[in-house]
Amino acid sequence: MHFLRILLALAAIFALTGCLAPSAERGIALSPDQALTTIYLSQSGPATEGISFSLDGLALLSEGGWVDLGTGPVNVDSRPHRASQRALGLASLPPGDYRKIRFYLSRLKIGKSAIPPSKDQKLFELTLPEPIKLEATDSQCLFLDWHLAADESGGPTAPVFKAWGQGQTLGGDLLFASCDRIGTIYVIRSDINEVVASFGIPGPLGEIAVASDMRRLHVLSTGERSIFTFDALNRQLIDRITLSRTMEPRHLALSEDARYAFVSDAATGQVLKVELASGHVSQQVRIGHRPERIAYAPGSPARIAVVAPRSHQVFILDAHSLRTRGIVPVGMNPASALFFAGDLYVAEQASQTVSIYEEGSGRQLASIDVGFQPDYLFSLSDRKALVSNSGGQSLSVLVPDQATSFRTIRAGSNPTTLAKSETRQLLYVANRSKKQITVIDLASEQIEQQIELGGMPFSLAVLD
């Protein structure tokens, strides 16, 4: 048993350290003079017959000629999928105006009838309603949709395609997903749970947060050592707050009134309190020990809990002054903390537990066995909290006054960050290794659908 615990601890250490150094997504060479495009495929209308086909040779036309998107052949069928959109791939392109898309359709099969090989391959060339204008470091989406229609000349039923670039976001209920390694924020409509746009920020990116009352999206860029503030509805840049060039900030949390952002920096061992309206760093404190995730708790006084995995500690700071209120020794490799039910909950990856500590004294009250590599603690309500088990496929449910996990919820592979839509009562789960988001209906605690992305999601934020 002792040997098994050592192996589990080593696995947790490798999993944790493997997430600390962002790099380009596999197969994509990111360059500051290039732009990114995520290609999505959807199907409109019901499929009256079983249909399958292959798409290959996707390319976009710019002033300089056709540019291959490098997505490779993609097999498509009309069977229902949990993801209403399919991400065909992520392409790195030179800046420019792109007006057309072309691709080859082959291996078409309708019902039990296959198209003869001699007529199998067909070239499609579509003009976009509006050109896609890509600038360096930009990241946009291109949408391709198909449906079945009878041939105008009386021929057999066949797929018909249309294509368009992203437009302005309509409506106010949105989910934002930060893909740190590709410097991209995906914008998802939470009423239909589909990607409607994306935009690029020089990265690697850190955490994001939404101030719903002000309709503001705050994005922490580790690479640019800055906090970018956007209008959450139209994606327009409002402000950029530049931090010290010696920093590598990755984690951020907002105060209850969204006037301040708390930022941790593992490189300098500091925690900063930044006034977002002025860009002024109002307080900063050096706690050492490579501080990472931050949990905020309103109240009198308001506090923040800063997790230091390297030293196996959680620092509790006064949110007004950043003075230390307490230092809590915790288990090995703490991943996150949460103020919940009057105590401090800490996800401890090495022991596969969530431990409960008395906030004032730091005394351990209980240790709850959960799933493999507990990662992100999240409060659903005053009576229910969740922890994502990033080494498995579940969330563990925690309730006050119970030293055991209440139950588990299926959440897709390798769940990490969580976010909740209060309006729609949906829970969003980042499945980092799968480059997708799992949508869970909170009433039934069942998976409703999945949202595919072009990169690995690191942070989620909801605008209700």
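For the salt bridge (Lys or Arg N to Asp or Glu O under 4.0 Å) test, no residue two or more places apart in sequence or in another chain qualifies with E194. Every residue two or more places apart in sequence or in another chain that forms a side-chain contact (heavy atoms from CB on, under 4.5 Å) with A253 is listed here: I294. Taking T71 as the reference, I39, L58, L69 meet the side-chain contact (heavy atoms from CB on, under 4.5 Å) condition, with sequence neighbours excluded. T438 meets the side-chain contact (heavy atoms from CB on, under 4.5 Å) test with V429, N431, Q436, I440, I447, Q450; sequence neighbours excluded. Among residues two or more places apart in sequence or in another chain, the salt bridge (Lys or Arg N to Asp or Glu O under 4.0 Å) test is passed with R215 by none. Residues satisfying the salt bridge (Lys or Arg N to Asp or Glu O under 4.0 Å) test with E422, not counting sequence neighbours, are K420.
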Sequence neighbours left out, cut at 3.5 Å: what donor-acceptor pairs do the side chains of residues 137-145 make with other protein atoms?
residue: D138; atom: OD2; partner: Q140; partner atom: NE2; Å: 2.8
residue: S139; atom: OG; partner: T184; partner atom: OG1; Å: 2.8
residue: Q140; atom: NE2; partner: K133; partner atom: O; Å: 2.9
residue: D145; atom: OD1; partner: S42; partner atom: OG; Å: 2.8
residue: D145; atom: OD1; partner: S44; partner atom: N; Å: 3.4
residue: D145; atom: OD2; partner: S44; partner atom: OG; Å: 2.7

Please tabulate, for the side chains in residues 281-289, all donor-acceptor contacts under 3.5 angstrom to protein atoms that are two or more places apart in sequence or on a different chain.
residue: S282; atom: OG; partner: K273; partner atom: O; Å: 3.2
residue: Q284; atom: NE2; partner: Q270; partner atom: OE1; Å: 2.6
residue: R286; atom: NH1; partner: T268; partner atom: O; Å: 2.5

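Annotation: salt bridge (charged side-chain N to carboxylate O under 4.0 Å, His left out) contacts involving residues 333-347, sequence neighbours excluded, are absent. Screening residues 32-45 for salt bridge (charged side-chain N to carboxylate O under 4.0 Å, His left out) gives no qualifying pairs among residues at least two apart or on separate chains. Sequence neighbours left out, the pairs with a member in residues 346-367 that pass salt bridge (charged side-chain N to carboxylate O under 4.0 Å, His left out) are R303-E359, E358-R363. The side-chain hydrogen bond (donor to acceptor under 3.5 Å, both in side chains) analysis of residues 195-214, with sequence neighbours excluded, yields the pairs E207-H251.
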